[in-house]
Structures are given as C-alpha cells and as structure tokens.
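So the structure is just underneath, and the comments pick up after that.
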Amino acid sequence: MIVRVSQTGPVDAAFPAPPSKSYTHRALIAGALALGRTRIARPLRAADTELTARGLEALGVPLEWLPGEIAVAGCSGTFPAAGEVTIDCGNSGTTLRLLTSAALLSQHPVVLTGSPRMLERPVGPLAGALRALGGDVAFTGQPGYPPIRISGRLRGGRATIDGSISSQFVSSILMAAPYAEEDVELTLPATPASRSYLDVTADVMLRFGAHIERQGYDRFRVESGRAYRGRDYRVEGDYSSASYLFAVAAVCGGRVAVTGLNPTSVQGDRRFLDALEAMGCSVAAGTDAVTVERTGDLKGIEIDMSSSPDTVQTLAAVAATAGSPTTITGTAHLQYKESDRVGVTADTLRRMGAGVEVTEDSLTITPAPLHGVAVDPHDDHRTAMAFAVLGLAVGGMAIRDPECVEKSFPGFWEALYGEGLL
Ligand SMILES: O=C(O)C1=C[C@@H](OP(=O)(O)O)[C@@H](O)[C@H](O)C1
Ligand SMILES: C=C(OP(=O)(O)O)C(=O)O
C-alpha cells in the first residue's frame with residue numbers, strides 16, 4: 001500500500017493525543033509484577049505494547065484488554081510460567097530490553113528474540129550488568145545482540161552500566177530491581193542516551209510503590225523488597241506521537257491543538273515544543289490542550305536532542321521548511337533504532353532538494369526549494385510519519401508501507417484523514 005500526501009494550506013485542527021507508549025509498557029510490567037490487580041486506564045493499544053502484553057502473558061500473567069483499559073492480575077514478583085518460554089519481541093526495542101531483566105523473575109529460562117532488525121539492535125551492556133547482579137545471559141546468535149537466553153536469578157548488589165547506546169538498558173534493571181534479593185545500586189559512567197526515559201521509569205516505579213533513590217543520572221539505588229502494589233493507573237498522552245500533529249501546524253501554518261497531554265510531563269519529547277517555539281511558533285500549554293500556532297516564517301535553530309530521540313525526525317522535517325539552517329546535536333544513538341534514522345532522514349531530505357550535513361553526533365539541515373518524493377520508511381514508523389507531515393507542506397509525497405505506524409500510533413492516517421488533510 002502507498003499513501004499519497006498532497007499540499008495543503010494553513011490548518012485549524014484538534015486531535016486527541018494517543019496514549020503514551022513508554023508509560024503503557026512500564027505500567028504493564030509493573031502491574032504484572034505487582035501484588036494484586038492493576039487496571040490500566042487509557043493504555044496505548046499498538047503493535048509494540050501488544051508485544052509487551054503478549055510477552056507477559058507467555059510468562060504466565062493473566063491480562064485482559066477491555067474497552068479503554070487493561071486488567072492485569074499481578075504475579076507478586078515471580079512469573080508463573082511452567083517451563084522455558086520464547087518471546088518474540090518483534091520490532092519493539094522497549095519490549096525486548098525491559099523484559100530482559102524481568103525474565104530473571106521466572107523460575108525457568110526465557111529466550112527473547114525479534115524481527116531481523118531487532119537482531120541488529122545491541123543488548124551487550126545490559127547483559128554485562130545483569131551478569132554482575134547474578135543473572136546469566138547467553139547470546140544464541142551474534143555476541144552482544146538478540147536472541148538472548150536468560151536464566152539464573154536476580155541477586156542484586158552493585159553494577160556499572162553504560163547507557164550511552166540506550167537508556168532502556170538502565171530502565172530494564174531498575175524496573176525488575178525491587179524483586180532482587182538485595183538492594184540494587186547502578187552506577188552510570190557516562191550520561192545515558194535518552195536520559196528522560198529514566199525519569200519516566202522512576203515515575204512509574206514510584207507510583208506503583210517501589211523505592212528508588214538517585215543522584216541525577218549518575219547513580220540509582222532501588223530498595224529490595226519494596227514491591228509494586230496493584231493499582232488503578234491512567235496513562236498520559238504521548239508527546240512523541242503528538243509531535244507529528246504539532247508539526248502539521250509548523251509546516252503548513254495555522255493552528256493545531258492536542259488534548260490529553262500532561263503539561264508537566266517528564267517525557268523528554270515535550271522538548272519538541274521548545275524547539276518549535278524557538279523556531280517561531282507560538283505554543284500555549286493549558287490544562288485541556290496544548291496548542292501550536294504558526295503565523296509568520298520559521299527560522300532555523302541549534303538544539304541538543306539527545307534526550308528526545310524520537311522527535312529528531314519530526315524536527316528535521318520542520319527544519320527543512322524554515323528560512324535558515326538548523327543543527328540538531330545528540331543524534332549518535334539514532335543509528336541503533338528501527339532503522340539508521342539519521343542516514344534515512346538525510347537521504348530523503350537530500351532527494352527532496354534540501355542540503356543536509358551529517359556528523360557522528362549531529363544533523364544540519366539547510367532549507368532549499370523542496371519537491372515530493374517516494375519514501376520507503378524501512379519499517380520505521382517515525383520516518384513514515386515525519387515525511388507524511390512534510391508532504392502536507394510540499395505535496396507530491398508517496399509513503400510506502402504506511403502500516404508501519406501501527407508500532408506506536410495506529411490511528412495516525414485516520415487522524416489526518418479525519419481533519420481533511422489526506
Ligand atoms: O524506554 C523507552 O520507553 C524508550 C526509550 C528510548 O530508547 P533509547 O533509550 O534506546 O534511546 C526511545 O527511543 C524509545 O522509543 C522508548
Ligand atoms: C525507538 C523506538 O522504540 P523501541 O526502541 O521500543 O523499538 C521508537 O518508538 O522510536
């Protein structure tokens with residue numbers, strides 16, 4: 001299938017934000033491990049969160065998707081799986097990484113595998129730290145990459161973990177740590193990639209009753225035995241998904257309001273709004289909706305997006321329509337995602353006519369007259385959504401394999417269609 005995107009004029013649209021992918025993954029895992037029942041209200045039902053849910057079911061946790069909520073019967077820290085299980089984590093890095101440490105809470109070995117691309121996404125630093133905490137992680141394919149076979153137990157103690165490739169390595173251990181036999185103390189030798197996701201992890205852990213102490217992003221200590229307690233939990237809106245909707249106003253002009261976002265959220269992709277503001281949009285964050293409006297021209301900016309990796313492509317798309325160059329730094333770890341995101345974004349923008357310079361950790365976009373092209377997203381939802389939005393400003397864009405948006409934002413095309421944009 002192909003979606004063709006034509007040029008459109010200034011917009012005046014309102015959208016509900018899809019629920020947060022990161023919060024849904026974490027609430028599922030905390031609820032599955034908790035003592036008692038958890039009701040997750042307004043969860044994200046998308047390919048990736050279904051993969052986490054199926055993984056937890058394979059580990060023996062009863063779980064039910066109901067209209068607008070998920071009911072989870074917590075296992076109180078020991079997964080009831082009756083034997084070895086293999087979990088296919090598909091294309092979801094969060095599922096594979098977060099379940100890696102939790103798998104030590106099964107009494108039987110767990111094999112985690114995924115799509116061909118997942119088998120190219122590293123897990124070595126996570127495996128190393130888990131071994132120091134008592135786990136056994138065997139690579140059954142290429143060393144340092146899935147598939148992995150996890151066995152042993154989560155003894156706890158001290159470990160050093162390098163999160164410069166992915167914050168998910170750190171989140172993984174933190175989420176399982178309340179069930180270690182001893183307190184877990186993690187030392188991070190360098191600032192982790194995507195550090196804001198550690199705030200999301202700590203937020204969910206605290207809300208489910210765990211005890212976590214931290215020194216910034218350098219050191220975390222989780223108390224053993226302060227277990228998760230089942231609860232009613234409501235998932236906030238997703239700032240990464242909302243970025244595509246806000247970007248519509250930025251590239252087309254006019255106004256877009258998005259409801260269901262937490263204005264004080266710790267999600268790092270809230271920073272995308274700072275970027276739009278610095279480029280010349282006006283941003284109004286109320287309790288009901290966040291509204292982005294553009295009336296004049298956009299100007300280029302310099303911005304560090306190391307903590308907001310999932311909106312780099314959205315920002316690159318907006319930057320291509322500005323009046324001056326934009327430099328985005330902190331992009332090194334984008335090579336480990338669903339695709340080599342900087343490479344694909346640079347190539348597509350160049351084919352559209354923009355000037356693009358790439359270094360190991362940055363992307364500079366120099367605007368120029370643009371024309372639409374055919375885009376192969378390489379199974380990367382964020383590439384498909386970012387270039388669809390740019391297509392609304394440029395016209396003549398054809399997005400192949402549009403169903404890849406199911407990973408995080410299943411209603412994306414319908415949302416644009418519903419506002420008359422497709
Ligand atoms: O923990 C999470 O929920 C996520 C962390 C980030 O990954 P990295 O830490 O690998 O950059 C982000 O890109 C991903 O979409 C979700
Ligand atoms: C990188 C992403 O997700 P994951 O790491 O879970 O595959 C994403 O959604 O952009």
Side-chain angles (χ1 to χ4, degrees), residues 91 93 117-118 120-122 145 162-168 190-197 240 243-244 247 250-251 268-269 271-272 274-276 278-279 298-391 393-394 397-401 404:
N91 211 9
R117 174 60 181 168
M118 184 60 66
E120 297 172 350
R121 297 181 65 185
Y145 295 84
D162 182 354
S164 55
I165 288 178
S166 171
S167 67
Q168 293 169 356
T191 305
S194 312
R195 60 189 178 281
S196 58
Y197 289 91
S240 320
S243 75
Y244 308 103
V251 302
D269 281 338
R271 185 160 168 70
F272 179 73
D274 300 337
L276 291 187
M279 293 178 89
L298 293 177
K299 60 176 189 291
I301 55 168
E302 281 184 25
I303 188 164
D304 172 11
M305 294 286 279
S306 57
S307 193
S308 315
D310 293 354
T311 47
V312 166
Q313 287 162 295
T314 334
L315 186 57
V318 174
T321 69
S324 53
T326 288
T327 297
I328 305 170
T329 58
T331 54
H333 63 299
L334 293 185
Q335 65 187 292
Y336 305 112
K337 304 228 173 258
E338 291 87 321
S339 64
D340 170 11
R341 285 188 177 159
V342 171
V344 172
T345 303
D347 172 62
T348 311
L349 286 174
R350 283 185 192 124
R351 286 194 296 117
M352 293 181 73
V356 184
E357 250 178 74
V358 173
T359 73
E360 211 174 294
D361 196 36
S362 76
L363 176 64
T364 298
I365 298 118
T366 303
L370 299 175
H371 54 86
V373 295
V375 178
D376 175 359
H378 294 88
D379 211 15
D380 192 332
H381 53 148
R382 304 211 182 278
T383 305
M385 293 189 277
F387 283 102
V389 168
L390 185 52
V394 174
M397 207 75 155
I399 313 289
R400 295 205 182 110
D401 299 329
C404 65

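Not measured: the values here are computed from a predicted model. Position 1 is the first residue of the sequence; numbering continues from there.
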If the condition is salt bridge (charged side-chain N to carboxylate O under 4.0 Å, His left out), which residues does R117 pass it with, not counting sequence neighbours? E120

Could you grab the distance from atom CG of L370 to atom CG of L349, nearest 0.5 Å is fine? 7.5 Å

For a 4.5 angstrom cut-off between non-hydrogen side-chain atoms, does P309 reach Y197? yes

Show the nearest heavy-atom pair for residues A322 and M279, with the distance to one decimal. CB-CE, 4.1 Å

Nearest heavy-atom neighbours spanning V251 and A393: O-CB, 3.6 Å

What pairs meet the salt bridge (charged side-chain N to carboxylate O under 4.0 Å, His left out) rule with one or both residues in residues 369-391, with sequence neighbours excluded? D310-R382, R341-D380

So, taking the atom named OG1 in T345 and the one named CD in Q313, what distance separates them when rounded to the nearest 0.5 Å? 4.0 Å

Residue list, side chain to side chain contact (heavy atoms under 4.5 Å, CB included) with T314, at least two apart or on another chain: S243, Y244, A247, F272, T311

Flag the pair I303 / R271 as yes when at least one side-chain heavy-atom distance between them is below 4.5 Å, and no otherwise. yes

Between I328 and I365, is any pair of side-chain heavy atoms under 4.5 Å apart? yes

Atom pair OG1 (T383) and CG (D401), whose distance is rounded to the nearest 0.5 Å: 11.5 Å

What residue among S194, S166, S164, S167 forms side-chain hydrogen bond (donor to acceptor under 3.5 Å, both in side chains) with H333? S194

Looking only at heavy atoms, what is the nearest atom pair of A384 and C404, with distance? CB-SG, 3.7 Å

Specify the closest pair of heavy atoms between M397 and G391, including all atoms of both residues, with the distance to one decimal. CB-CA, 3.8 Å

Residue pairs passing the side chain to side chain donor-acceptor pair (under 3.5 Å) test with at least one member in residues 316-329, sequence neighbours excluded, are T327-T364

Could you pull out the closest heavy-atom pair between R350 and V356, with the gap in Å? NH2-O, 2.9 Å

So CD of E357 and OG1 of T366: to nearest 0.5 Å the spacing works out to 6.5 Å

Within the structure provided, determine whether S306 and R195 are in side-chain contact (heavy-atom separation under 4.5 Å). yes

Polar side-chain atom of K299 near backbone of A278 as donor-acceptor pair, under 3.5 Å: yes

Of all residues at least two apart in sequence or in a different chain, which pass the side chain to side chain contact (heavy atoms under 4.5 Å, CB included) check with R351? D347, T348, V373

Residues in side chain to side chain contact (heavy atoms under 4.5 Å, CB included) with D361, at least two apart? T331, A332

CD of Q168 to CZ of R121, rounded to nearest 0.5 Å, is 6.5 Å

What are the two closest non-hydrogen atoms of G353 and H371, and how far apart are they? N-NE2, 4.1 Å

To the nearest 0.5 Å, tell me how far D304 CG sits from S362 OG. 11.0 Å

